[in-house]
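Structure first, commentary second.
Index from 1, following the sequence.
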Amino acid sequence: MTGYPDRHPSPPEEPPRAPNARPRPGPALSTAAHGPARSSRDRRTGTPPARASWWSGVLVGVGVAAFVDETVFHQLLHWHHFYDRSTPEAGLVSDGVFHAVGWFAVVAGLFWFAALRRRAELVTARWVGGLLVGTGAFQLYDGTVQHKLLGLHQIRYDVALLPYDLTWNLVAVALLVAGVLVARRDRRPAPAGPGS
C-alpha cells in the first residue's frame with residue numbers, strides 16, 4: 001500500500017448469479033453492429049437466408065396442401081382416399097400415412113422458420129412466396145401425376161371428371177404464379193455464401 005489512489009481500478013465484479021440462471025448473451029450474439037450472426041448450420045450448409053426462407057415456406061406449403069386435401073376431400077366429403085386401388089381399409093391406412101407425411105413437412109418447415117426468426121434472417125416475401133408455391137406445386141403434382149399418370153385416386157367417382165380436374169389444376173397454377181410474384185417482391189440480392 002502506497003497511500004496513493006489507484007489509477008487503474010479493477011472492473012466492478014458481476015453480482016452473483018442464481019444456480020439455474022440463463023447465461024448472459026456475449027458479444028458474439030450481438031447483431032446490431034455486425035449484421036445477423038450466421039449459425040453453425042449456415043456455415044456447414046452455406047444456405048443463404050433468402051434461399052432458406054424460400055424452402056422453409058415450400059415445406060410448410062406442401063404440408064398445408066396435404067392437410068386441406070386430407071381433411072376436406074378425404075374426411076369431410078368422402079370423395080376419395082389417397083390410395084383407391086385396393087380395399088377401403090387400405091385406403092384409410094394410406095390416408096393416415098399421407099396425413100403424417102404432410103405434418104412432418106409442416107413441422108420441419110416451422111422449425112426452419114423459427115431458426116430464421118431467431119437469427120433475424122427471415123426474408124418474409126421469400127417465405128410467403130415459397131408457401132404459395134409449395135401449396136400449388138403439391139396440388140398440381142397431385143392432379144397430374146397421382147390422379148392421371150399413376151391413377152392412385154380421382155377427385156370424385158361416378159361424375160364427369162373434367163370440371164373437377166380443370167378446377168383442381170387451374171387453382172394449382174394460380175397458386176404457383178402468385179407465389180412466384182410474391183417472392184419476386186423481394187429483389188434484394190441474396191447474401192453471398194459458399195453454396196451460392
Side-chain angles (χ1 to χ4, degrees), residues 47-117 121-188 190:
T47 304
R51 188 181 304 168
S53 300
W54 167 265
W55 284 112
S56 166
V58 168
L59 277 175
V60 175
V62 168
V64 167
F67 171 79
V68 172
D69 186 13
E70 169 67 25
T71 302
V72 175
F73 299 102
H74 296 210
Q75 297 179 1
L76 296 179
L77 298 177
H78 294 184
W79 280 4
H80 61 259
H81 296 296
F82 179 77
Y83 187 73
D84 277 334
R85 302 183 68 176
S86 183
T87 63
E89 290 77 14
L92 285 174
V93 172
S94 71
D95 283 347
V97 174
F98 174 60
H99 208 40
V101 170
W103 276 111
F104 277 128
V106 170
V107 170
L110 290 181
F111 267 110
W112 208 348
F113 174 90
L116 290 165
R117 284 286 306 273
E121 292 180 344
L122 181 70
V123 183
T124 304
R126 296 291 181 95
W127 191 85
V128 174
L131 174 74
L132 293 171
V133 165
T135 305
F138 176 84
Q139 186 163 331
L140 188 61
Y141 166 79
D142 187 38
T144 54
V145 177
Q146 295 184 164
H147 290 183
K148 300 307 172 188
L149 294 181
L150 301 179
L152 300 183
H153 60 264
Q154 298 297 332
I155 299 176
R156 293 192 70 175
Y157 296 96
D158 302 323
V159 295
L161 273 177
L162 184 59
Y164 292 93
D165 288 336
L166 287 177
T167 303
W168 191 268
N169 292 322
L170 287 176
V171 169
V173 171
L175 288 168
L176 283 169
V177 172
V180 171
L181 292 177
V182 169
R184 286 172 60 88
R185 293 181 61 185
D186 177 73
R187 293 182 176 276
R188 292 173 296 175

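Atom CH2 of Trp54 and atom CG of Leu131 lie 10.0 Å apart (nearest 0.5 Å). Put simply, CZ on Arg117 and CH2 on Trp127 are 10.5 Å apart, with the number rounded to the nearest 0.5 Å. The CG atom of Leu175 sits 11.0 Å away from the CG atom of Leu170 when rounded to the nearest 0.5 Å. For the atom pair CZ of Phe98 and CG of Leu152, the computed distance is 11.0 Å after rounding to the nearest 0.5 Å. Rounded to the nearest 0.5 Å, atoms CZ (Arg126) and OG (Ser56) are 13.5 Å apart.
Minimum heavy-atom separation, Thr135 to Gly61: OG1-O, 3.2 Å. Heavy atoms only, all atoms of each residue included: Ala137 and Leu176 are closest at N-CD2, 3.6 Å. Between Ile155 and Tyr164, the shortest heavy-atom distance links the atoms CD1-O, 3.4 Å. Of all non-hydrogen atoms in Gly102 and Ala66, the two that sit nearest each other are CA-CB, 4.0 Å. Of all heavy-atom pairs between Gln154 and His147, the closest is NE2-O, 2.8 Å. Considering every non-hydrogen atom in both Ser86 and Ala90, the closest pair reads OG-CB, 3.6 Å.
When side chains are defined from C-beta on, Leu161 counts as touching Lys148, because their heavy atoms get closer than 4.5 Å. By the 4.5 Å heavy-atom criterion applied to side chains, Arg156 and His80 are not counted as neighbours. Using a 4.5 Å heavy-atom cutoff, the side chains of Phe73 and His78 are not in contact. No side-chain heavy atom of Trp112 sits less than 4.5 Å from a side-chain heavy atom of Val60. Between Thr124 and Arg185, the closest side-chain pair of non-hydrogen atoms is not below 4.5 Å. Two residues are said to be in side-chain contact when any heavy atoms from C-beta on lie closer than 4.5 Å; His81 and Thr87 fail this criterion. Inter-residue side-chain proximity for Leu140 and Asn169 is flagged as met; some heavy-atom pair is nearer than 4.5 Å.
Taking a 6.0 Å sphere around CH2 of Trp55, one finds it holds 12 or fewer heavy atoms contributed by other residues, nucleotides or ligands.
Checked against Phe82 for a side chain to side chain contact (heavy atoms under 4.5 Å, CB included), the options Asp95, Val97, Val93, Asp69 give a single hit: Asp95.
Formation of a donor-acceptor pair under 3.5 Å by the Trp168 side chain with backbone atoms of Gln139 is found in this model.
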Practice task
Could you give me the CA-CA distance, side-chain angles and deciding distance for Val64 and Phe138, then say whether side-chain contact (heavy atoms from CB on, under 4.5 Å) is met?
Solution key: CA-CA 10 Å; Val64 167; Phe138 176 84; over 6 Å; no

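In this structure, Phe67 and His99 have parallel ring planes: the angle between them is below the 30° cut-off, well short of the 60° mark.
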